[in-house]
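Presented below is the structure to which this report refers.
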Amino acid sequence: MTAPHTGEAGIVGKSCVRSHGGGSRANRVPLCLEPLFAAHDYLARMLDLSVAKLLSDPSSHLGKAVRVKGWVRTRRDSKAGLSFVQLSDGSCFDALQIVAESSLANYAAEIQRLCAGCAIIVEGEVVPSHGKGQSVEVKASRVEVIGWVADPDTYPIQPKPHSFEYLREVAHLRPRTNTFGAIGRVRHCLAMAVHRFFHERGFCWIHTPIVTGNDCEGAGQMFRVSTLDFLNIPRTSEGKVDFSQDFFGRETHLTVSGQLNVETWCAALSKVYTFGPTFRAENSNTSRHLAEFWMIEPEIAFASLVEDAQLAEDLLKFMFTALLAERGDDMKFFADRIDKGCIARVESLVASPFERMDYSDGVRHLEAAIAKGHKFDYPVKWGTDLQSEHERYLTETLVGRPVILMNYPKEIKAFYMRQNDDGKTVAAMDILAPGIGEIVGGSQREERLDLLDRRIEEMGLDKAAYWWYRDLRRYGTVPHAGFGLGFERTIIYATGMANVRDVIPFARTPKSCEF
RNA sequence: UCCCUCAUAGCUCAAUUGGUAGAGCGGGCGGCUGUUAACCGCCAGGUUGCUGGUUCGAGUCCAGCUGGGGGAGCCA
């Protein structure tokens with residue numbers, strides 16, 4: 001028996017019928033997954049259901065015939081003549097208990113050989129559960145094995161706690177674990193909340209470029225983008241690499257920020273944001289750094305640092321409100337197994353206003369702490385960047401919740417930040433979060449061309465390279481401001497996960513890009 | 001990149017002053033049970049990250065390398 005696999009409607013539905021008893025694994029006929037447009041035959045006699053839908057309203061499904069698809073978490077046999085299969089389709093945290101009785105045709109041959117990782121389709125009736133731990137279960141009338149686990153002995157995901165370090169080595173299978181399933185849903189929930197927040201407030205999502213010809217976007221090492229033949233690099237007469245022969249006819253890199261580009265659209269659409277991947281080629285080996293990470297960068301016209309800070313606070317509160325409302329199941333897991341205080345932390349962030357503090361006042365607080373005997377490894381001095389330990393003191397010890405630190409010395413901040421009237425500081429802000437450090441970095445931008453040019457010169461940058469950025473200040477310039485929110489750091493803060501490598505599907509870090 | 005630390009079965013870990021490798025989980029088989037981190041018994045499973053050195057003898061000591069973790073810097 002060979003089932004046609006053409007995917008054509010009409011043919012497939014009927015030819016998918018097959019015997020369930022016996023048959024070696026090797027000879028098993030591959031299942032044809034009915035295309036959606038042929039599914040009405042099935043819909044007519046049973047629901048096609050996600051585990052989330054079923055478990056979110058179990059009583060309304062009681063007594064109904066359903067069809068669920070997913071992957072086996074565990075199987076427990078009872079010699080009373082039935083097996084329990086935990087089925088997960090990733091639609092929610094909980095798995096669905098399937099009860100398969102020995103009267104099923106393929107019980108001995110297949111169901112009793114199910115193990116973690118097997119893909120199955122189950123048809124059956126939703127019934128009240130006899131056991132504890134779940135209110136309903138599905139009494140199977142048919143269990144079809146779609147994909148076996150080739151070698152159960154070495155299937156990397158076992159029904160037991162694994163270390164996150166180990167799971168990074170099997171990043172293609174770690175989405176099947178409780179933790180990473182939860183991370184995937186939380187990440188999606190937060191991303192959609194970001195878009196909803198901005199959309200509801202009249203912002204446009206601007207797709208800023210990934211490849212940039214601007215080699216001075218900001219500090220930090222960039223990844224080169226090139227199609228030149230490494231074994232035969234064209235040279236100029238001075239012996240330098242001849243980038244005029246490269247794909248774009250110039251030297252290009254992966255972007256480290258969408259900000260400069262999004263500012264141009266801000267100067268036309270007023271309220272804009274970017275949300276996409278950014279790339280840093282720094283050799284950073286910490287739990288908070290990735291070479292490829294996602295960042296949200298809004299930019300608002302006719303706005304100052306005050307509105308900028310309020311926007312950042314409102315965005316974070318909106319995201320976390322959505323998280324609590326939509327992913328209570330996953331957050332409960334994080335509270336149970338990862339970080340006991342995570343739900344309380346998210347709730348308190350939503351409930352209380354962020355503390356606002358001038359950099360200068362922050363320094364004064366730190367100096368007062370030292371006077372009272374608090375020990376820091378590094379000295380505190382106005383005009384220098386705060387060390388991690390200083391930031392931690394302010395947000396964790398002094399305030400106990402996020403702090404918006406504002407108006408930094410201009411020497412330690414980027415050239416485009418707006419100079420304050422005191423001549424010493426710029427309208428910059430960082431939001432520091434307990435346990436994480438800097439989660440947001442932003443500023444009001446310098447909209448005055450002469451002052452911008454002076455900073456470009458003072459910092460030894462090439463004015464010509466910023467010609468289009470400077471044009472914005474020549475043609476209808478307006479005060480504007482924006483910030484960057486690190487998406488992975490936000491997820492860490494919400495879930496209590498310890499490492500950014502475990503809140504992104506595939507982490508890119510120095511010496512690590514297997515998947 | 002710097003400092004500290006780690007690398008033993010598919011996974012999590014043991015192995016005394018250097019004396020030739022062990023448990024739990026997972027897997028296979030059997031038993032038992034409306035089970036739910038199930039339980040009980042048996043079985044299989046290892047070039048101890050790599051390269052070199054010291055030694056009669058190295059999982060153990062030394063050097064280098066590779067990779068992981070923690071901290072720092074850079075930043076989000």
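Below, read A as the first sequence line, B as the second, and so on, with proteins coming before strands; counting in each chain starts at 1.
We find that CD1 of A/Ile412 is positioned 15 Å from C1' of B/rG73, with the value rounded to whole Å. With rounding to whole Å, A/Arg174 atom CZ is found 19 Å from B/rG10 atom C1'. In this structure, CG of A/Leu190 is placed 15 Å from C1' of B/rA76, rounded to the nearest angstrom.
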Bracket notation of RNA chain B in which parentheses pair within the strand, [ ] cross earlier pairs, and | pairs with another strand (Watson-Crick or G-U, under 3.5 Å): (((((((..((((.....[..)))).(((((.......))))).....(((((..]....))))))))))))....
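For B/rG73, one of the phosphate oxygens OP1 or OP2 lies less than 4.0 angstrom from a side-chain nitrogen or oxygen of A/Gln387. In this model, the phosphate group of B/rC75 is not approached by any side-chain N or O of A/Ser284 to a distance below 4.0 Å at OP1 or OP2.
Nucleotides of RNA chain B nearest to A/Glu438 and A/Ser388 differ in position, and the one nearer the 5' end is that of A/Ser388. The residue among A/Lys511 and A/Tyr155 whose nearest nucleotide of RNA chain B is located toward the 5' end is A/Tyr155.
Residues from residues 496-510 of chain A with heavy atoms under 4.0 angstrom of RNA chain B, sorted by number: A/Asn499, A/Arg501. Near RNA chain B, defined here as any heavy-atom distance below 4.0 Å, the residues from residues 389-404 of chain A are A/Arg392, listed numerically. For the segment residues 305-314 of chain A, the set of residues with a heavy atom within less than 4.0 Å of an atom of RNA chain B is empty.
Straight-line distance between the C1' atoms of B/rU5 and B/rG45: roughly 30 Å, to the nearest whole Å. As rounded to the nearest Å, B/rC29 and B/rU55 have C1' atoms that lie 46 Å from one another. A distance of about 16 Å separates the P atoms of B/rG10 and B/rA44, rounded to the whole Å. Taking the C1' atoms as reference points, B/rA37 lies 42 Å from B/rU51, given to the whole Å. The separation of B/rG53 from B/rA14, taken at their C1' atoms, amounts to 28 Å, rounded to a whole angstrom. Look at the P atom in both B/rA58 and B/rG68: the space between them is 30 Å, to the nearest Å. Nucleotides B/rC61 and B/rU8 are separated by 15 Å at their P atoms, to the nearest Å. Comparing the C1' positions of B/rA15 and B/rG73 gives an interatomic distance of 40 Å, to the nearest angstrom.
A/Gln134 and A/Ser129 form a side-chain donor-acceptor contact under 3.5 Å, judged by distance and modelled atom types alone.
Closest to the side chain of A/Arg280, out of B/rC75, B/rC74, B/rA72, is B/rC75. Distance from the side chain of A/Glu282 is smallest to B/rC74 among B/rG73, B/rG68, B/rC74. Nearest nucleotide to the side chain of A/Ser287, out of B/rG26, B/rU1, B/rG71: B/rG71. For A/Tyr166, counting side-chain heavy atoms from C-beta on, the closest listed nucleotide (B/rG71, B/rG10, B/rG68) is B/rG10. The A/Thr286 side chain lies nearest to B/rA72 when the options are B/rA72, B/rG68, B/rU12.
No contact: A/Leu485 has no heavy atom under 4.0 Å from any strand. Here A/Phe293 lies in heavy-atom contact (under 4.0 Å) with a base. Across all strands shown, A/Tyr378 has heavy atoms under 4.0 Å from sugar-phosphate atoms exclusively, and none from any base.
Looking only at side-chain heavy atoms (C-beta outward), A/Phe84 and A/Thr74 stay at 4.5 Å or farther from each other. Side-chain contact between A/Ile183 and A/Phe334 is present, with at least one heavy-atom pair separated by less than 4.5 Å. No side-chain heavy atom of A/Pro402 sits less than 4.5 Å from a side-chain heavy atom of A/Ile404. Contact check for A/Leu55 versus A/Leu96: side-chain heavy atoms found under the 4.5 Å cut-off. Under the 4.5 Å side-chain criterion, counting only non-hydrogen atoms from C-beta, A/Thr274 is not in contact with A/His207. Looking only at side-chain heavy atoms (C-beta outward), A/Val138 and A/Gln97 stay at 4.5 Å or farther from each other.
Residue side chain A/Gln158 reaches the base of B/rG10 through a donor-acceptor N/O pair under 3.5 Å, judged by distance alone.
Classified by interplanar angle (parallel below 30°, tilted 30° to 60°, perpendicular above 60°), the ring pair A/Tyr273/A/His195 is tilted. Ring pair A/Trp382/A/Tyr359 is perpendicular by interplanar angle, where above 60° counts as perpendicular and below 30° as parallel.
Ion pairing between a basic and an acidic side chain is recognised when a charged N comes within 4.0 Å of a carboxylate O; A/Glu110 and A/Arg113 show no such pairing. Under 4.0 Å is where a charged nitrogen must lie from a carboxylate oxygen, and between A/Lys53 and A/Asp57 no such pair does.
If you look at A/Phe376 and A/Tyr393, their ring centroids are closer than 6.0 Å. Checked against the 6.0 Å centroid criterion, the rings of A/His172 and A/Phe515 qualify as a close aromatic pair. Note: A/Phe275 and A/Phe487 meet the aromatic proximity criterion, with ring centroids under 6.0 Å apart.
Between A/Tyr416 and the choices A/Gln444, A/Gln259, A/Glu446, the side-chain hydrogen bond (donor to acceptor under 3.5 Å, both in side chains) rule is met once, by A/Gln259.
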Contact letters for nucleotides 31-46 of chain B, in which S counts primed atoms plus P, OP1 and OP2 and B counts the base, heavy atoms under 4.0 Å: -BBBBB-S--------
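Sorted by first and then second residue, the pairs that involve residues 307-322 of chain A and meet side-chain hydrogen bond (donor to acceptor under 3.5 Å, both in side chains), not counting sequence neighbours, are A/Ser304-A/Glu307, A/Gln310-A/Asp314, A/Gln310-A/Arg356, A/Glu313-A/Lys317, A/Glu313-A/Arg356.
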